Number of protein chains: 4
Amino acid sequence: MDTAVVRGTRRAAAAPAGQGDGNARGQSTGRKRDPERTRAEILKVSTGVFAAQGYSGARVDEIAALTRTTKRMIYYYFGSKEQLYLEVLKDAYGGIRAAEREIQVGSLNPRDAVRRLAELTYDHHAQHSDFIRLVMIENIHRGVFIRQVESIRDLVQPAVGLLEEILKRGRAEGVFRHDADAFDVHLVISSYCVFQVANQYTFGYLFGRDLQEPPLSDHLRSMLGDVVVAWLETGAEIKN
Amino acid sequence: MDTAVVRGTRRAAAAPAGQGDGNARGQSTGRKRDPERTRAEILKVSTGVFAAQGYSGARVDEIAALTRTTKRMIYYYFGSKEQLYLEVLKDAYGGIRAAEREIQVGSLNPRDAVRRLAELTYDHHAQHSDFIRLVMIENIHRGVFIRQVESIRDLVQPAVGLLEEILKRGRAEGVFRHDADAFDVHLVISSYCVFQVANQYTFGYLFGRDLQEPPLSDHLRSMLGDVVVAWLETGAEIKN
Amino acid sequence: MDTAVVRGTRRAAAAPAGQGDGNARGQSTGRKRDPERTRAEILKVSTGVFAAQGYSGARVDEIAALTRTTKRMIYYYFGSKEQLYLEVLKDAYGGIRAAEREIQVGSLNPRDAVRRLAELTYDHHAQHSDFIRLVMIENIHRGVFIRQVESIRDLVQPAVGLLEEILKRGRAEGVFRHDADAFDVHLVISSYCVFQVANQYTFGYLFGRDLQEPPLSDHLRSMLGDVVVAWLETGAEIKN
Amino acid sequence: MDTAVVRGTRRAAAAPAGQGDGNARGQSTGRKRDPERTRAEILKVSTGVFAAQGYSGARVDEIAALTRTTKRMIYYYFGSKEQLYLEVLKDAYGGIRAAEREIQVGSLNPRDAVRRLAELTYDHHAQHSDFIRLVMIENIHRGVFIRQVESIRDLVQPAVGLLEEILKRGRAEGVFRHDADAFDVHLVISSYCVFQVANQYTFGYLFGRDLQEPPLSDHLRSMLGDVVVAWLETGAEIKN
DNA sequence: GATGAATGAGGTTTCATTCAT
DNA sequence: CATGAATGAAACCTCATTCAT
C-alpha cells in the first residue's frame, strides 16, 4: 500500500547516531514562536496525512515529521489524535462550504443555471480531492467523528439553498419537472461528482481509463450537465 | 538475507485438487480438520472486519477472535494481513460480478430494460454494503491492492456487456441518444448507487435523513430510473 | 515498509487454495518409500542449510521445502531440530576425517612431506567450506553441541598421526627443529587453512581481495608451505 | 568510535565544554535522562548478546532485560534489530582499530619489531573475544551486514601500515625475505590469532586442551613469533 | 511410513501518548 | 511555549513442534 511507500522513507539512511523515532530536525531558521502559525501548519499537514492514509493509517509521527514542530506540539495544541482529526474535519467542511457560497448563477435561466451549478460542482470536487477523501474516511467510520462536530451541520444549508431557488424558478417557468426537489438534485449531482474522485482508482484500474484526465474528464463534466438537465426537463408539464 | 531468496520458492503448486464442492473430505467430527471450511470462515469474517474497520484499522486478532480458529491459522492459510486482504478483495469482486450475471432483462424493451437494470443495481448495492465499503477502502489506498489482483480485471466485462446490448437496441429503435455509451451509463448508474451506500453516514447526518430507509430509499430507486431513462431518451433522434 | 517488498514476493500468486506454511508439494514422481534414502537426503539438505544460516538461523521449514519429503518426516527421522543438527555435525566430521586419511606422503622427504601435507590441507579446506562453516557455528555456540557427540572425538587421532610421523623423521634427520610437536604444527596449518575460508567475507571486504580466487589463492597455498617449512627448519640443529 | 564524533556534532554547543572530568552535567538524579549513557549502555549490552548468540540467536528482549531501559528504547535509539547489529559491528571494529594504533615498535629492530607486533596482536585478540565472535558471525552471514557499514573499510589501513614500515626496514637491512608483503604477513598473523579464539571450543574439545590457558597460551604466543620471524628471515638474501 | 492441518509460545516492531526539563 | 527522552500496550508475524488420519 502507499503507506508503505511513505513509511519506507521515514527512517531513510538511519542517520549515523540514533535520534528518536520520527522527527529530528536541527532547524532553527527564522520564524518560530508563532502559535497561530504553528497550529495552522499542523492542521494543514494533518489534513493531507489523514486524507492520504485514513484515520487509523495516519501516524502522529509522520504528521510531526512533515511539520516544523515536534510531535509534542501536536498534543500541546490538539490534545490527541482524535481531536486533531476532528479539527481537520471541521476545517475541511468549513473551507468547502465557503467555496460553495461563491457560486453565482442568478443571471442565468434555470436550465443553464442548473447545468452551470452541476459543472462547477464537478470541477470543485475534482479540485478538492482531499476533502472528498476525508468524507470517505468519515463514512468508513460510519460517521462517528462527524457527529461530534455539530458546527458542520449548520454549513449544509447554503449548498442546497441555491439549488432550491433555481428549481423554483424552473418549475414556475414550466421547464422543470415538479417531482424533484433540491435534496434530490443535490444528491444526483453529488453522487456523480464524488464518484469520479472517490472511486477513481478502482474504476480507473478496472476500465483502464483515468477519470480525471482531460479528454475523458471534459466529457464527463458535460455529461453530468446533460443528465441533470434532461432529467429535470422531462415531464416538466406534469404537475404532481 | 539470503533466506528470503530461498523462501521465495516456498509456495508453488499444491492445493489438493477439488475445490468448491464444500465438504468432500472425510470430515467425520464435522467441526475440525476441514480446511475448506476453515479457510472460507476466515475469509468471510475478514471481509466483515476489513469492511468495517479498513485495512489499517482491521486487527488480525479481532478476525481470529470472531473465528473458530486461531490467529495462527490466518497466517497458515493466508500468509499475511495483506495477502488476506487481497483475497478478501478478490472474493468480494468475484461474488458481486457473479450476482450481476444473474440479471435478465432480455425480454423488456430498451427503456424498461435500462430502468430495470438501474433499479436492480440500486438494490444490489444496497444489499452489499460490505463490498462497497471495501471498494472505498481500496480507493483510500489509491488502488495499490486491487492492482495486485489481476483476476479482478477480467470480471468487469460482463458488467458492461449487458448494458451495451440494451443501448444498441435502444439506439437501433431510435429511442436512445447516440452519444452515451455503455461506459457512460455504467458510470452514471454506479456513481448514484455507490453514493447512497458509501456516503450514507455523512449525507444522512448532514440532512438528517437515512438514505437506506424505505420511504426515502424507494423514492431514490425510482428516481434513478427516471434520471437514466430521461437522459437516454433525450435527443434520441439526433445521430452524432 | 520495505520489508513488504521482500515479503510481497514470498508467497507469490497466493495459490487459490490455502496450502500450509512451508512445504506443500504434489509430487508423486517415482522413488518414494526408501527410508535410507529419505534420511540421507534430509541430512544432506540440512547440512547445507545449517552451514548457510547457522543453528538459530536455519529453519526446519526451509529444510523441508528443499527436500522431497515433508517437515513431518524430519521429526519422524530425527526427533528435533537439535538432534538433526547433531547428526549433521557428526556426519560432517566423519566425512572430513575420512578424506584426511587418504593423504599419502610417506615417500617424500620430511621437508617436502610437510609442505605437501600443508598444501593438501589448504585445498581440502577450500573445498569443504560447509564443514568449516559448521565448525564456526559450533564455536559460536561454545561447543555445546559437539560435546554431545562423543564419536567425533575419536576421529581426531589420524589427523595428527601422520604429522607426528613426518616430524619424527625430520627431527631424526636433523632437518626439523625439536620444539614443535604435531599439535603445534597442526594448529599452525589449521589456523591458516581455516582462516581463508572462515574469514573470507570480512577479510575479502576489508582488503577488497577474494582469498579464494586463483591468482591470490595459489599464492596463499605456497605461502603456507613456505611458512611451515621455514619455521620447522629454523634452529633444526638445536636440541632442546 | 566514530559514533562519538557524530554525536559530538549533534549536540553541538550542548555539552558544557570540559569532558573527561566524570560528571560535569547537571545530572542530579544520575540514573535517568542521560541519552548518551542510555545509548552507550544498549550498545555495550548488545555487543555481548550478539557476540554470544549470533544475529538470529540474539533476542531483543534479552538485550533489553540486561539494560536499565526497556525494549522500546532500543527501537527508539536504533530503529531495528538489524540497525542495532550494524551499530555494534561498527563500534566493535572502531574499538579494535583504535587499540591497534596504540602499538609502538619503532625503536626495535625489524626482527624484534615484527615479533613484538605478532605477540601483541596475539594478546589483543585473546582479550577481545567478543570482537572475534562478531567477525565470525559476520562471516556466517557472508558479510552482508559489514558491507553496509562503509566506514569500517576506512579503518583497515593503519592495521597494515605499521607492518609495511617494519617490513620495508627489514628488507632494506637484508634480514627479511622479499616475497612477503604486509598483506601476507597480516594474514599469517591474523589467521593464527583469530584461530585460537575463534576455534577454541572445537579445537579445545577435540584435543582436550584449552588454548587460552596460561601454560599453553604462553607457548602459543611465542610460537607465533617463531613462525613469523623464521619465515621472514628465511631466504632474506634472495631478491625477487 | 507418511501427511496436511493445526498450534502455543514467543519474536520483532509500532503505536499514541506522557514525562522531565 | 517548547522539546527530546521515555513508555506500556498491543500490533503483526514466525518458530519448532504435534495432532488426527
Side-chain angles (χ1 to χ4, degrees), chain A residues 7 10 18-25 32-35 38 56 58-62 64 69-77 79-82 84, chain B residues 7 14 16 25-29 32-35 38-39 56 58-62 69-77 79-82 84, chain C residues 1 3 7 18-25 32-35 38 56 58-62 64 69-77 79-82 84, chain D residues 10-11 14 26 28-29 32-35 38-39 56 58-62 64 69-77 79-82 84:
Chain A
R7 277 196 226 127
R10 258 175 29 182
Q19 74 286 62
D21 262 340
N23 48 319
R25 130 189 336 244
K32 259 189 143 185
R33 313 254 163 180
D34 183 346
T38 303
S56 320
R59 300 290 167 240
V60 177
D61 267 317
E62 188 186 344
T69 59
T70 69
K71 191 161 50 162
R72 188 62 189 78
M73 279 299 92
I74 293 171
Y75 284 90
Y76 188 79
Y77 280 110
S80 73
K81 183 183 180 179
E82 183 173 339
L84 174 58
Chain B
R7 281 199 222 121
R25 298 288 183 88
Q27 36 115 224
S28 50
T29 33
K32 279 185 121 185
R33 298 274 156 180
D34 185 345
T38 304
R39 205 192 114 100
S56 320
R59 301 289 169 233
V60 177
D61 269 309
E62 188 187 346
T69 59
T70 66
K71 184 168 51 166
R72 184 63 188 77
M73 277 293 94
I74 294 171
Y75 286 92
Y76 180 69
Y77 279 104
S80 72
K81 184 181 176 179
E82 183 172 337
L84 174 59
Chain C
M1 354 119 224
T3 23
R7 281 197 225 125
Q19 76 284 64
D21 260 343
N23 50 319
R25 115 193 350 239
K32 261 191 139 185
R33 313 255 164 179
D34 183 345
T38 304
S56 320
R59 301 287 167 246
V60 177
D61 266 318
E62 188 185 343
T69 59
T70 67
K71 190 162 51 162
R72 188 64 191 77
M73 279 297 92
I74 294 171
Y75 284 90
Y76 188 80
Y77 281 109
S80 71
K81 182 183 179 180
E82 184 173 338
L84 174 59
Chain D
R10 222 178 68 197
R11 325 220 145 204
S28 50
T29 32
K32 279 186 120 186
R33 297 273 156 180
D34 186 345
T38 304
R39 206 193 113 101
S56 321
R59 301 285 170 241
V60 177
D61 268 312
E62 188 186 345
T69 59
T70 67
K71 185 166 50 162
R72 185 62 189 76
M73 277 292 94
I74 294 171
Y75 285 90
Y76 180 69
Y77 278 105
S80 73
K81 184 181 177 180
E82 183 172 338
L84 175 59

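Protein chains get the first letters and strands the later ones, always in sequence-line order, with residue 1 at the start of each. Predicted, not measured: the structure shown is a model, and the values here were computed from it.
Regarding B:Asp34, its CG atom lies at a distance of 16 Å from the P atom of F:dA20, rounded to whole Å. Protein atom CZ of D:Arg39 is 12 Å distant from nucleotide atom P of F:dA6, rounded to whole Å. For C:Glu62 and F:dC15, the CD to P distance is 10 Å, given to the nearest whole Å. Atom CD1 in A:Ile74 sits roughly 13 Å away from atom C1' in F:dT3 (whole-Å rounding). Across the protein-nucleic acid pair, C:Glu82 atom CD and F:dC15 atom C1' stand 15 Å apart, rounded to whole Å. Across the protein-nucleic acid pair, A:Leu84 atom CG and E:dT17 atom P stand 10 Å apart, rounded to whole Å. Going from atom NZ of D:Lys71 over to atom C1' of F:dA6 covers 16 Å, rounded to whole Å.
Checking D:Lys81 against C:Met73, the closest nucleotide of DNA chain E that is more toward the 5' end is the one next to C:Met73. Both D:Ala58 and A:Tyr75 lie close to DNA chain E; mapped to their nearest nucleotides by heavy-atom distance, the more 5′-ward contact belongs to D:Ala58. Between D:Thr70 and C:Val60, the residue anchored nearer the 5' end of DNA chain F, judged by the nucleotide with its closest heavy atom, is D:Thr70.
Evaluation of the side-chain hydrogen bond (donor to acceptor under 3.5 Å, both in side chains) rule for B:Lys81 yields no partner, not counting sequence neighbours.
Dashed line: the shortest gap from a side-chain N or O of A:Arg59 to OP1 or OP2 of E:dA16 is under 4.0 Å. Phosphate contact (OP1/OP2 of E:dA6, side-chain N/O of B:Thr38, threshold under 4.0 Å): present. Residue C:Tyr77 places at least one side-chain N or O under 4.0 Å from the OP1 or OP2 atom of E:dA2. Contact annotation: B:Tyr76 side-chain N/O to E:dA6 OP1/OP2 distance is not under 4.0 Å.
The shortest heavy-atom contact between C:Ala64 and C:Thr70 is CB-C, 4.1 Å. Here the shortest heavy-atom pairing between D:Thr38 and D:Thr69 reads CG2-CG2, 3.3 Å.
Across all strands shown, B:Asp61 has heavy atoms under 4.0 Å from sugar-phosphate atoms exclusively, and none from any base.
As rounded to the nearest Å, F:dT21 and E:dG1 have P atoms that lie 23 Å from one another.
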Query raised in the report: When Watson-Crick pairs (N1 to N3 and N6-O4 or O6-N4) and G-U wobble pairs (N1-O2 and O6-N3) count only below 3.5 Å on both distances, what is the dot-bracket string of DNA chain F, with | for other-strand pairs?
Result: .||||||||||||||||||||
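Atom OH of residue B:Tyr76 and atom CE of residue B:Met73 lie 6.0 Å apart, to the nearest 0.5 angstrom.
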